[in-house]
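Accompanying notes for the structure given below.
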Amino acid sequence: MENFHFHKELIAACGMSCGVCIAYLREKNPCPGCRKRTEDKPKYCITCRIANCEHLEKTESKFCFDCTRFPCQRIKQLDARYRKNYRTSLIENLRQIQSNGIETFLQLETIKQTCPFCQKTLSVHRNFCLHCKEMVNVTE
């Protein structure tokens with residue numbers, strides 16, 4: 001059975017997998033993901049400087065790896081925060097997508113971000129499963 005949290009529409013331009021974001025996974029007022037242009041998502045998502053970058057609009061893929069400035073300072077800062085706090089690299093995600101394609105990335109992300117105990121989707125922002133509450137050791 002395919003996990004609906006892992007689709008190409010849920011991979012942000014910066015390499016974030018929105019399907020594993022705590023804002024997307026929450027039950028009350030879930031975020032629809034970075035690629036959806038709606039007003040019902042968090043303000044910080046609506047005003048994201050990466051999602052609204054004029055250089056990104058010029059790319060064919062609409063991923064930051066296609067930009068002539070990749071990796072720019074914004075991506076480097078976001079990547080450093082995610083590597084330090086959440087054990088994932090957005091730059092590495094983008095390089096995997098660029099090298100191996102989106103489908104391969106989605107397959108690997110599904111394996112990496114599925115709870116080994118209850119088989120539900122893990123949040124990149126927590127070190128435990130939101131469903132069964134088991135601690136998980138998610139590595140890059």
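Heads up: numbering here begins at 1 and tracks the sequence.
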Residues which pass side chain to side chain contact (heavy atoms under 4.5 Å, CB included) with C18, listed by chain and number, not counting sequence neighbours: L10, A12, C34

Start with the C-alpha gap between K120 and L130, add the side-chain angles, then the distance that decides, and say whether side-chain contact (heavy atoms from CB on, under 4.5 Å) holds. CA-CA 9 Å; K120 301 284 186 176; L130 298 173; over 6 Å; no

Rounded to the nearest 0.5 Å, what separation is found between the OG1 atom of T68 and the NE2 atom of H55? 7.0 Å

Taking the side chain from T114 and the backbone from I111, do they hold a donor-acceptor pair closer than 3.5 Å? no

For the pair N52 (side chain) and I46 (backbone), establish whether a donor and an acceptor sit closer than 3.5 Å, ignoring hydrogens and angles. yes

Taking side chain as C-beta onward, heavy atoms only, is R95 less than 4.5 Å from F105? no

Smallest separation among heavy atoms of I75 and C14, with atom names: CD1-CB, 3.6 Å

If you count every heavy atom of other residues, nucleotides or ligands that lies below 6.0 Å from K62 atom NZ, does the total exceed 12? yes

Quick one: pull up CZ in R49 and SG in C72 and give me the separation to the nearest 0.5 Å. 9.5 Å

Are the side chain of E57 and the backbone of C53 linked by a donor-acceptor contact shorter than 3.5 Å? no

Closest approach of L94 and C64, non-hydrogen atoms and distance? CD1-CB, 3.9 Å

For the CZ atom on R26, are there more than 12 heavy atoms of other groups (residues, nucleotides or ligands in this structure) within a distance under 6.0 Å? yes

Out of curiosity, E109 CD to T121 OG1, how far, rounded to the nearest 0.5 Å? 10.0 Å

Within the distance-only criterion (no hydrogens, no angle test), does the side chain of S123 pair as donor or acceptor with the backbone N or O of V20 below 3.5 angstrom? yes

Could you tell me if S61 and D66 have a donor-acceptor pair between their side chains, going purely by distance under 3.5 Å? yes

In short, C132 meets F117 closest at the heavy-atom pair SG-CB, 4.0 Å

Got more than 12 heavy atoms from elsewhere within 6.0 Å of NZ, K36? no

